[in-house]
Structure formats: structure tokens, C-alpha cells
2 protein chains.
Amino acid sequence: MRVALAVLGTLSVAVATVWPIPAVYTSGLSNTAAPSVQIMAWYTTSSILSGAIARYNEIIGNEAFTAPADYMNGAPVTDGSIIGLSVSVTSSDETLTLDTDESYTLDVPTTGQASLTAKTVYGALRGMETFSQLLEVNGGHRFIKNTPIHIEDKPAFQHRGLLLDTARNYFPIKDIKRTLDAMSYNKMNVFHWHIVDAQSWPVESRTYPSLQKNGAYSTSMQYSYQDVQDVIGYAQERGIRVIPEFDVPGHTYIVGQSKPEIMSCLNKQPNWDTFAAEPPSGQLNIAKAAAAAFAVDIVNEYSGLFTDNVFHVGGDEVNLECWNKDSDVQTYLAGHPGSSVESLLVDFYGKVHDAVGKSGKTGMTWEETVFHTNYTPPMSTIIQTWIDETSIPKTVAKGYRSIASPASAYYLDCGHGAWLSNFDGNSWCDPFKTWMHIYNFDPLANITDAAQQKLVIGGEVALWSEQSDSTVLDARLWPRAAAMAETSWSGRRDSSGRVRTTGEVAQRLHNQRFRMLGRGINAEPMQPLWCARNPGACLLP
Amino acid sequence: MRVALAVLGTLSVAVATVWPIPAVYTSGLSNTAAPSVQIMAWYTTSSILSGAIARYNEIIGNEAFTAPADYMNGAPVTDGSIIGLSVSVTSSDETLTLDTDESYTLDVPTTGQASLTAKTVYGALRGMETFSQLLEVNGGHRFIKNTPIHIEDKPAFQHRGLLLDTARNYFPIKDIKRTLDAMSYNKMNVFHWHIVDAQSWPVESRTYPSLQKNGAYSTSMQYSYQDVQDVIGYAQERGIRVIPEFDVPGHTYIVGQSKPEIMSCLNKQPNWDTFAAEPPSGQLNIAKAAAAAFAVDIVNEYSGLFTDNVFHVGGDEVNLECWNKDSDVQTYLAGHPGSSVESLLVDFYGKVHDAVGKSGKTGMTWEETVFHTNYTPPMSTIIQTWIDETSIPKTVAKGYRSIASPASAYYLDCGHGAWLSNFDGNSWCDPFKTWMHIYNFDPLANITDAAQQKLVIGGEVALWSEQSDSTVLDARLWPRAAAMAETSWSGRRDSSGRVRTTGEVAQRLHNQRFRMLGRGINAEPMQPLWCARNPGACLLP
């Protein structure tokens with residue numbers, strides 16, 4: 001057996017197939033036939049593990065991935081063969097949280113049995129995904145190149161998320177499940193479900209059934225409790241947490257279709273822009289105790305339905321004019337000397353975050369809550385930043401944990417032009433974020449203190465759905481979300497400390513895109529097929 | 001029967017359903033049931049007409065279009081019913097050219113039989129499309145609103161085209177046919193098939209079979225003669241001409257996979273940008289007689305396969321450095337005093353355009369041929385402009401006919417970011433062209449002379465496919481191409497001479513998008529569904 005070790009980070013074909021790239025990856029110069037690989041675990045009572053094994057056996061059995069650069073090549077000569085992958089998990093703890101251990105070790109010999117060990121079932125899932133990506137197919141032959149392979153892998157960031165807005169436009173459950181599949185192919189682990197917004201309230205409420213009845217776009221554009229539980233279960237089977245967002249007090253016009261008495265500035269027209277970032281305007285009336293009580297009820301109801309230990313309460317894009325021009329608010333202020341819109345908002349946030357804490361959850365909130373008001377959330381609160389990239393160092397400097405979602409890099413809806421019908425203008429967050437731009441973003445930029453760096457617990461790409469629905473979902477998300485998936489799993493630097501460049505990783509991402517296509521994810525093309533077939537030939541000199 | 005006439009151009013619901021909007025449209029205040037409408041023509045031997053009738057009977061039979069703004073409304077009370085549309089065509093001439101008469105007259109009474117008359121079968125097709133769009137469905141009821149309706153319609157521009165590049169990435173025949181369907185739903189009449197380019201040569205050549213053998217991406221990514229004939233026939237059945245483009249002398253790297261001896265600067269790396277607008281570089285070697293002879297052979301072969309009387313010979317983005325740095329070219333020039341790269345290029349263009357003329361066709365070419373060289377094409381040549389909007393008045397000032405395809409307005413690929421793997425930059429023609437931007441473009445801008453205005457025979461939206469393939473085709477094209485379809489069919493002004501605004505037409509385009517979705521065209525959403533349901537509520541104040 002010929003063996004040589006290739007060091008990670010060189011432009012070796014040895015690492016050509018796996019996305020995101022593993023932390024430690026050594027490979028040999030042999031090739032191994034893998035005509036019919038079976039994954040198995042000898043001792044397991046875990047339904048998550050046995051389900052994942054069945055799933056990956058199916059994925060591997062159906063795998064038809066041929067690297068585009070190998071179009072003209074046949075299958076390599078093989079020096080041995082493997083027939084199985086044995087999986088071993090040491091812990092029976094299947095709790096899935098921010099702190100879950102996702103590490104794994106994978107060995108693929110040139111001949112014999114491959115082995116995967118992990119501390120948790122979720123680490124095993126990540127390892128099986130990696131193993132599935134080692135498999136290539138060419139001319140009817142199935143093989144793994146550059147064996148023996150030894151991989152030790154673990155994520156650089158704990159929170160690797162994707163936000164989907166299911167309120168501006170609706171996405172059926174099958175779209176969400178397919179997105180969860182695609183996320184698992186990229187080792188992403190948080191589905192941030194921006195489930196309601198001003199335009200619609202698709203999710204069932206048992207506390208206020210009229211919210212869905214009057215707020216869903218139609219009876220076929222709804223999420224029942226059972227749908228939500230189905231999504232949470234499906235996600236957990238893939239090692240993905242589901243964090244719901246119920247955004248208050250802004251972005252709540254639709255609540256007014258059921259409870260107009262607790263609302264301010266409901267659908268002001270035509271000058272909605274005085275009252276909201278986009279139509280229709282409407283915010284909970286913070287001068288009314290019933291509005292805060294409603295928000296607390298929402299937290300109490302949905303913190304039960306959504307089982308993750310993090311609960312997102314929104315808090316973004318609050319519009320003060322909405323309350324400044326509200327006669328109820330002004331009457332309240334006149335009757336309560338010393339109070340102000342600002343103090344009412346601080347009180348409102350306090351009640352909402354208190355409810356989150358009482359429900360046993362960790363709160364998550366958009367950055368405005370800490371930066372645009374005088375409210376101080378509990379220090380356990382996770383702050384999601386979006387307004388600009390400098391919000392991340394500002395957040396961790398305050399001692400909060402930060403999720404990086406800068407619109408300038410991670411907003412997948414940007415660059416599609418303005419959408420108000422009479423406005424021939426650009427997207428507010430123009431231009432389009434290419435996969436290269438996403439890949440080059442450094443969530444740790446301008447943070448030098450190691451303790452503060454550790455507070456950046458991850459990132460989320462976001463698809464706000466004003467200009468998206470089922471017709472375009474996959475192509476808007478993929479392969480661009482995969483770019484963040486790699487930088488958040490693998491970090492931006494190789495084992496020698498050098499920052500990876502998009503030019504050197506492009507071919508692996510082409511591979512991942514074609515692999516995802518084969519698995520039913522309608523990812524958009526990055527380049528002419530000619531470029532995918534000719535690595536390095538489509539670079540700017 | 002209550003009757004009132006609504007004048008076109010007012011914001012009347014009476015014209016809410018038809019896209020593009022007819023030239024003359026009068027409607028009443030009745031509503032008409034249309035539970036089971038049959039289209040028929042009493043006397044016809046035309047297979048195009050009988051095929052179209054069968055097709056529209058199926059479309060109408062399956063129609064499920066409910067205007068989103070009517071979501072909360074039931075079906076209207078009806079005052080009568082119609083059961084049929086009788087079609088009458090006066091001419092038996094089925095030739096389809098730039099000069100084909102597409103006019104029609106359509107009458108829909110409140111009760112009785114609707115009637116459609118046209119000079120040609122193609123006019124009848126346009127009228128049947130209009131009729132099909134009058135039909136709405138709600139709560140199981142099928143009806144036509146605002147009857148009686150009288151429509152007199154004809155196009156403002158003769159050439160209403162869509163360019164699809166099937167060379168950077170391949171599109172299967174079924175994608176092309178679906179695109180032709182969608183074009184017919186928008187009364188577009190030219191499919192500009194940019195069938196080959198540097199990256200691939202998918203189409204069969206009987207003169208040089210190796211072009212396809214060595215140039216198609218794979219045996220499953222090809223167009224046979226039969227495929228092409230199938231597309232041409234399918235298009236003609238929908239009143240759509242197919243104009244092929246065989247681009248010479250640039251954009252021809254792929255020819256070098258078969259005939260390297262007639263090429264210059266083949267795939268120069270890494271500094272391809274010295275030689276071409278994008279990789280891979282390569283141009284026909286204009287110093288070699290065999291290169292011009294090859295181009296003439298291509299014209300001769302494909303002017304036979306493609307039956308339209310217009311033939312596009314490209315001519316864009318010629319790179320002089322490719323030849324300045326070519327030793328064969330320099331040797332030739334040294335041996336032929338008085339010659340130059342410029343004179344060689346003029347000679348080359350002359351031979352190509354002569355061949356087009358000898359084949360009995362009208363030439364079409366990109367604007368560089370007239371503006372960037374000293375060559376003077378035959379005055380019958382159609383000049384397609386793209387570089388900037390001022391090229392249109394310049395073209396017609398020279399006395400040429402102009403097709404408007406300004407990248408600044410009509411390039412549907414723009415705004416998706418740069419695609420070279422190591423370049424974190426914007427699209428060269430950033431930003432994204434929204435439907436509003438497309439709609440607002442005036443092809444007659446800065447042309448005051450009436451005779452020159454007449455030389456602007458139409459426009460083409462273009463999808464260059466570096467970042468597109470089957471995964472995203474429909475959403476990249478629709479509904480944006482429909483915006484140009486309306487301005488090129490209906491013109492930009494209503495019958496009172498007022499320029500239509502995107503704010504006032506948005507609801508009809510929403511309707512058209514949902515109608516297209518129902519017909520299997522995966523058009524992208526323009527806005528949140530809430531906006532589509534609430535006309536006028538999503539405008540910039």
C-alpha cells in the first residue's frame with residue numbers, strides 16, 4: 001500500500017470532496033472501491049442514531065456524485081475496498097443545545113471497515129455526513145479517493161444558523177424540511193424560524209386562536225401545533241435546533257386583525273413610512289398593560305410548543321413615531337408625569353424578557369434592544385446583530401454573546417432591487433451577497449480580546465421573504481448558505497493559520513453544489529459548467 | 001343589462017386581468033358566467049389555428065386563476081353567460097416574420113357567444129390569449145367580469161424578444177418549450193437563441209460534426225437537428241420566431257476544441273482578461289482564410305436549419321489584443337503591407353454578412369459591428385444594441401433598424417454579483433434590473449424624428465447564463481420579462497398619451513404572475529402576498 005500524508009490547506013485533490021472542510025484531515029495515495037457500503041452501529045438504542053444510519057445508508061445508496069472536474073476521467077484504479085462504516089457513540093445524552101458536542105473521528109482504511117466515533121449522536125451525524133461526501137461515483141464505479149483517510153473534526157462556532165421568514169410569504173412544511181436536509185448536508189445546526197411578522201401569522205395559537213384564523217394567508221398556508229412539532233422532530237433528527245422568533249413590539253400589524261385594541265398606528269396609508277420600515281405599519285401599544293400581557297402570553301404559549309432552550313423575542317425596528325402620534329399613548333403620558341415613550345418601551349422589554357426567563361429559557365433578541373434603548377437585557381441574553389458589522393464587537397464588549405447576521409454579508413435577500421411597486425430603485429441592502437462575499441466575512445473582525453472572541457458564538461444567514469417564496473427558496477439559499485456553513489464550522493483559517501481564499505475553495509463548493517443537486521436541493525449554479533470542469537480557469541488574474 | 005364604458009388608462013378594475021394591456025378596451029358593468037367555454041373556428045384548415053384552439057381550450061378548462069385582491073370576495077353576481085368563443089381568420093398566409101399582422105378584435109357579450117376576428121392565425125393566437133386572461137375563477141365559479149367587453153388590439157413594436165444563452169450553461173428542450181409557452185402568455189414573438197458561445201457548442205453540426213462532439217457539455221446536453229426543428233415548430237405554433245445566433249469571430253474558444261488551426265489566443269491563462277471579456281479566451285484567426293471560410297460554412301449550414309428570415313452573426317466583444325499578440329496574425333500583417341488587424345476584421349465581417357445575404361436572409365448583429373469597426377453592414381441589417389441606452393438613437397440615426405437590449409435595463413442576469421471565484425465584487429452590470437426598472441425603460445428616448453422612431457423595431461430582454469441554468473430559469477425570466485412584454489406590445493402610454501406608471505400596473509402584473517404560476521411557470525414573487533392582496537398598499541409615499 002502506497003501511503004503519503006497530505007497536509008490540510010494545500011491545494012491537494014485529497015480534500016476535494018468534503019464541505020465544510022474538516023479540522024484535521026490526513027489522507028493517503030491509494031484509492032478504495034466502495035461498491036456497496038453499509039453503515040451500522042453495533043450497540044444502540046438511540047432512535048436518532050438508528051434513523052440517521054438508515055437515512056445515510058439511503059443517501060449513500062443513491063449517491064451519484066461525480067466531481068465535475070473529473071468529467072473526462074474514468075474511475076481511479078483501486079487498491080482495496082471497504083464494505084462498511086461502523087459507528088460508535090460514547091454518550092447516551094441526546095440533549096441538543098448550544099453546548100452539544102458535535103466532534104467526531106473518522107477513519108477510512110484502504111481496505112477493510114471504516115470507523116466513526118463520536119461523543120454524541122450529533123457528532124455521529126456530522127461524521128456520517130462527512131463519510132457520505134467521501135463517496136464518488138464515476139462510470140458506474142463507486143469509490144473513495146486518497147485513502148487511508150483520518151479525520152478529526154469539530155466546529156469552530158457553536159451556533160451555525162439559517163433564518164427563514166415564513167411570514168412575508170409562506171413556505172410549506174415540505175420546503176422547511178428540505179431546507180433542514182440541506183442544512184444537515186452543510187453541518188448547520190440552528191433553524192431560526194422567523195415564523196410571524198406584520199404580513200401574516202401562519203402558526204396556530206391556542207391562547208388566541210384568532211391570530212391564526214385572521215392572520216394566516218389561507219387555511220392551506222398555516223402551521224398547526226403538529227406541524228411545528230413535526231419540524232422540531234425532523235430537525236432534531238438532523239442535529240438542528242429550532243429557535244422560534246416572535247417579534248414584539250414592532251412587526252405586529254397582523255395582531256391587529258384580531259386585537260386592534262392593543263395596537264398603535266395600524267396600517268397607516270399612504271405614509272406608512274413614517275410609522276414602519278415597510279408596509280403594513282402597526283406596533284403593540286406599549287401604553288396599554290394589555291399589550292404587554294399579550295406579549296407575555298405569546299412567550300408563555302410558544303415557549304412550551306418550541307422545545308429549544310433559546311427563545312427569540314425580536315425587538316427590531318421599533319418605530320417611535322408610531323407611539324408619538326398615538327393618542328392613547330399621549331393620553332397615558334400626560335397622565336403619568338415622568339413617563340416617556342422610551343420608559344414605556346424599557347418597561348415593555350423588561351416584561352417580555354422576564355417572561356422568557358420565567359419560562360426557563362434563554363432570551364435572544366435583535367441588537368436594537370441593547371443599542372437603541374436604555375433597556376438592559378439579562379446578561380445571558382443572546383444578541384443577534386444585523387445593522388452593521390461593527391455591532392458584533394460592540395455586543396461582546398458589553399459582555400453579551402453575539403450571533404453575527406450582518407445585512408452587509410449574511411442577508412440572502414439583498415440585491416434583488418426595491419420591491420415597492422412605484423419605486424425604480426435598489427435593494428436597501430444592495431448589492432447581492434455572493435458566496436465569495438459571505439465566505440470572506442470575518443465574524444471576529446476587530447475583536448482582539450480572546451474572552452470577547454469566545455462570546456461570538458456563531459452566525460446566521462437570513463432569508464427575509466419579501467421577494468421569495470417556494471418558487472425560489474432553494475436557489476436563494478444554496479450554495480450561498482453553504483459558504484457561511486464552512487466558515488462557521490471550519491473557521492476561516494487552515495491548520496497553518498492561513499485564511500482560506502475563495503479561489504482555493506471554489507472547486508469544493510462546486511462539488512457540494514452538484515452533490516446537493518443530486519440530493520434534491522435546487523441550488524443555483526456558481527459559474528458556467530465549463531468553469532466547474534476546469535478548476536482554476538475562472539479566476540481574476 | 002347595465003352598461004357603462006370604462007376608458008383605458010383609468011385605474012378601473014375593468015382592465016385588471018389582461019397583460020399586456022390591449023390597445024383599445026371598453027367594458028361594461030355586467031358580469032358573465034363562463035362555466036364551460038369552448039373555443040371553435042367554423043372553417044379552418046390551419047393546423048396552427050386548430051392546434052392553438054385545442055391548447056387554449058385546455059388552458060381555459062384548467063384555469064384556476066383567482067385575482068389575489070379578490071381573496072376575500074366571492075364570485076360576482078352574473079347577469080348572463082357565454083358558452084363559446086368563435087374564431088375567424090381572414091388570411092390563409094401563415095408566414096411568420098417581422099411584418100406579420102398580429103392584430104385582432106375580440107368581443108365578449110354579457111350573454112351569448114364571444115367572437116374573435118383576426119387577419120392572421122397569429123393575430124388569432126394573441127386574441128385567444130387575451131380571452132383566456134379574461135376568465136377568472138372564485139369559489140368554484142367561473143366568470144368574466146365587466147362585460148360587455150370590446151377589444152381592438154395590435155402591438156406597438158414588431159419584435160418583442162427574449163434572448164436565452166444556452167452555452168454558458170445548458171438548458172434542456174423542455175425548459176425552452178416552457179419558456180416559449182410563457183412568452184406566448186405575454187404575447188412575445190421572438191426567441192433569440194444564443195445557442196453557442198466560448199464555453200460550449202451544444203448544437204449538432206453536419207458540416208463539422210466535431211463541433212458538437214467536442215463542444216457539447218455531454219451527450220445529454222445537446223441539441224440535435226430534430227430538437228431544433230422541434231423547437232422552431234413549437235415556437236411557430238405560438239406565433240414565435242426563432243432567431244439563432246452564431247457569434248463570430250469572438251466568443252469561439254469552443255471551436256478550437258475541433259479546429260485549433262483557425263484560432264487565436266486559445267484559453268490564455270491566467271491572464272485571459274487581456275484577451276477576452278471572460279474565460280476561456282479564443283477568437284477565430286482573422287488572418288487565416290480558413291477561419292472566414294469556417295464562419296461562412298456555419299452561416300450556410302445553420303441558415304438552412306433555422307427557417308426564420310433573420311440570422312444573427314454576433315460580432316460583439318471582439319478583442320484586438322488577441323490578434324495583436326498572435327504570431328500568425330503578425331506574420332500575415334508583415335507580409336501584407338497596408339493591412340491591419342482592423343482591415344482584416346472588416347474583411348471578415350464582410351465575408352460573413354455577404355454569406356448571410358447570399359443565403360437569402362437578413363443579417364442581425366451586435367452594435368460593435370457598426371460602432372467599433374470601420375465595417376459598414378448592409379443597410380437591411382438589424383442592429384442589436386446593448387452597451388448603453390444611447391446606442392439606440394445612434395443606430396437609427398445611421399439609418400439602421402434597432403433592437404433595444406440595453407444591459408442597463410434589459411439584462412436579466414445583472415446584479416447577481418461577480419462570478420470569478422476569487423473576486424468579491426459586484427456584477428459588471430450591477431444592480432439587478434427590477435420589473436419596475438424594465439418597465440420604465442423607453443426604447444424611443446432621445447429619438448424625436450418619426451422616421452427614426454419607426455426604425456426601433458423592438459426590444460429583447462436577455463438572460464446570459466453564467467449564473468443560470470435549469471434550477472433558476474423561470475424565476476430569472478418571470479415576471480420581469482413580462483414587464484418588457486407589456487411595454488413592447490402596448491407601448492408605454494395609454495390611449496390618452498400618458499405614460500403608465502409601475503404603481504398603477506403592479507396589480508395586473510401580480511395577476512399575471514399568479515396566472516403564470518397556475519400554468520406551470522415558476523415565476524418569482526414580486527412582493528409579500530399581503531401586498532398582492534391589498535392593491536396600492538405597498539407604494540412608496
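- Proximity to chain B (any heavy atom under 4.5 Å) is restricted, for A:N267, to the side chain, taken from C-beta onward.
- Ranking A:A532, A:S468, A:A506, A:A198 against chain B, the residue ahead of the rest is A:S468, based on heavy-atom pairs under 4.5 Å.
- For the options B:T274, B:T501, B:N169, B:T434, heavy-atom pairs under 4.5 Å to chain A are most numerous at B:N169.
- Proximity to chain B is limited to the side chain of A:R513, based on heavy atoms less than 4.5 angstrom apart.
- With a 4.5 angstrom heavy-atom cutoff, A:N440 touches chain B only via side-chain atoms.
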Would you tabulate the side-chain donor-acceptor contacts of residues 410-418 of chain A under 3.5 Å, counting partners in other chains and residues two or more places apart, or write 'none'?
| unit_1 | atom_1 | unit_2 | atom_2 | d |
| --- | --- | --- | --- | --- |
| A:H416 | NE2 | A:R476 | NH2 | 3.2 |
| A:H416 | NE2 | B:E524 | OE1 | 2.9 |
| A:H416 | NE2 | B:E524 | OE2 | 2.9 |

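- Between A:W419 and B:P528, some side-chain heavy-atom pair lies under the 4.5 Å cut-off.
- When all heavy atoms of B:P541 and A:N271 are compared, the closest pair comes out as CG-CA, 3.8 Å.
- Ranking A:R533, A:Q467, A:Q527 against chain B, the residue ahead of the rest is A:Q527, based on heavy-atom pairs under 4.5 Å.
- Between A:N426 and B:D430, the closest side-chain pair of non-hydrogen atoms is not below 4.5 Å.
- Interface residue B:E466: backbone and side-chain heavy atoms are both found under 4.5 Å from chain A.
- Comparing B:E278, B:K433, B:R168 by heavy-atom pairs within less than 4.5 Å of chain A, the highest count is held by B:R168.
- Using a 4.5 Å heavy-atom threshold, the side chains of A:S200 and B:L529 count as separate.
- The heavy-atom pair separating B:T502 from A:S421 by the smallest distance is OG1-O, 2.6 Å.
- For a residue to count as touching a neighbouring chain, one of its non-hydrogen atoms must lie under 4.5 Å from one of that chain's; by this rule A:A523 touches chain B with the backbone only.
- Interface remark: of the candidates B:A475, B:S470, B:P280, B:P280 forms the most heavy-atom pairs closer than 4.5 Å to chain A.
- No side-chain heavy atom of B:C538 sits under 4.5 Å from any side-chain heavy atom of A:W272.
- Here the side chain of A:N422 pairs no donor or acceptor atom with the backbone of B:L539 at under 3.5 angstrom.
- With rounding to the nearest 0.5 angstrom, the CD1 atom of A:I438 is 10.0 Å from the CG atom of B:D424.
- In this structure, CE in A:M436 is found 7.0 Å from CG in B:L420, a value given to the nearest 0.5 Å.
- Residue A:L517 touches chain B through its side chain alone, counting heavy-atom pairs closer than 4.5 Å.
- Under the ring-ring contact (aromatic ring centres under 6.0 Å, His included) rule, A:W530 has a single partner from B:Y253, B:Y217, B:Y170, which is B:Y253.
- With respect to chain B, the highest number of heavy-atom pairs below 4.5 Å among A:S427, A:S465, A:P270 belongs to A:P270.
- Atoms CE and CG, on A:M526 and B:D469 in that order, are 12.0 Å from each other to the nearest 0.5 Å.
- Nearest heavy-atom pair across A:T471 and B:P525 is OG1-CD, 3.4 Å.
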